[in-house]
Undergrad: 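Have a look at this one.
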Amino acid sequence: MTATDHTTTPTATATATVDLLVAVYRETLGVAGLDRDSDFYEVGGDSLTAFQITGRIQEALGVEVPVSLVFAYPTPADLASVVDSDFVQV
């Protein structure tokens, strides 16, 4: 009789994506102290790790994110914003 509520606020989705990307960046780059504003280049990112990051995003979210976006939006927060607005359908 009651419908399941599938509504999600944009803030909740964005927060979840940022948290996911922080975890992916930490794991891929091996930097435990990395946070949402850590710069991909400053923590040792290179083309190989960029491909690994986009592969993990695809596994986790089911969307194919171009590797060029990791370079164009080098922090997890910036990349999460683009991923949420351009790739993830809510």
Side-chain angles (χ1 to χ4, degrees):
M1 258 204 302
T2 58
T4 304
D5 184 10
H6 291 288
T7 58
T8 306
T9 62
T11 304
T13 302
T15 301
T17 303
V18 170
D19 291 344
L20 169 72
L21 292 186
V22 167
V24 166
Y25 274 54
R26 282 179 182 164
E27 218 174 275
T28 305
L29 294 163
V31 179
L34 190 142
D35 65 22
R36 61 182 285 122
D37 297 314
S38 295
D39 187 281
F40 174 75
Y41 303 107
E42 291 176 5
V43 294
D46 58 25
S47 59
L48 178 60
T49 52
F51 278 101
Q52 292 171 335
I53 286 169
T54 57
R56 290 180 184 208
I57 293 169
Q58 184 171 356
E59 288 175 13
L61 299 176
V63 295
E64 194 169 325
V65 175
V67 74
S68 61
L69 292 182
V70 175
F71 298 117
Y73 301 95
T75 69
D78 290 342
L79 184 57
S81 176
V82 172
V83 168
D84 278 338
S85 66
D86 294 354
F87 295 96
V88 177
Q89 302 298 318
V90 180

Undergrad: State which residue, out of Asp78, Leu21, Ile53, fulfils the side chain to side chain contact (heavy atoms under 4.5 Å, CB included) condition with Val70.
TA: Ile53

Undergrad: Any chance you could lay out the side-chain contact (heavy atoms from CB on, under 4.5 Å) test for Ile57 and Leu79, step after step, and finish with the verdict?
TA: CA-CA 11 Å; Ile57 293 169; Leu79 184 57; 4.0 Å; yes

Undergrad: With no hydrogens and no angle check, is any side-chain donor or acceptor of Arg56 less than 3.5 Å from a backbone partner on Val24?
TA: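 Not a single qualifying donor-acceptor pair exists.
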
Undergrad: Sequence neighbours excluded, which residues qualify as ring pair (Phe, Tyr, Trp, His ring centres under 6.0 Å) partners of Tyr25?
TA: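 Tyr25: no ring pair (Phe, Tyr, Trp, His ring centres under 6.0 Å) contacts found.
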
Undergrad: More than 12 heavy atoms of other residues, nucleotides or ligands under 6.0 Å from CD of Glu64: is that the case?
TA: no

Undergrad: So, Arg26 side chain and Val31 main chain: donor-acceptor pair closer than 3.5 Å or not?
TA: no

Undergrad: Of all the heavy-atom pairs spanning Pro76 and Leu34, show the shortest one and how long it is.
TA: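 What the structure gives for the nearest pair is CG-CD2, 4.0 Å.
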
Undergrad: Please identify each residue that fulfils side chain to side chain contact (heavy atoms under 4.5 Å, CB included) with Phe71, with sequence neighbours left out.
TA: Phe40, Tyr41, Ser47, Ala50, Val67

Undergrad: Considering non-hydrogen atoms only, spot the tightest contact between Ala80 and Val18 and give its length.
TA: CB-CG2, 3.4 Å

Undergrad: Could you go step by step and tell me if Thr49 and Asp46 meet the side-chain contact (heavy atoms from CB on, under 4.5 Å) rule?
TA: CA-CA 5 Å; Thr49 52; Asp46 58 25; 3.1 Å; yes

Undergrad: What distance do Thr54 atom OG1 and Glu59 atom CD have between them, rounded to the nearest 0.5 Å?
TA: 10.0 Å

Undergrad: List the steps and the verdict of side-chain hydrogen bond (donor to acceptor under 3.5 Å, both in side chains) for Ser38 and Asp35.
TA: CA-CA 5 Å; Ser38 295; Asp35 65 22; 3.1 Å; yes

Undergrad: Between Thr17 and Asp84, does the side-chain hydrogen bond (donor to acceptor under 3.5 Å, both in side chains) criterion hold? Intermediate values first, please.
TA: CA-CA 7 Å; Thr17 303; Asp84 278 338; 2.7 Å; yes

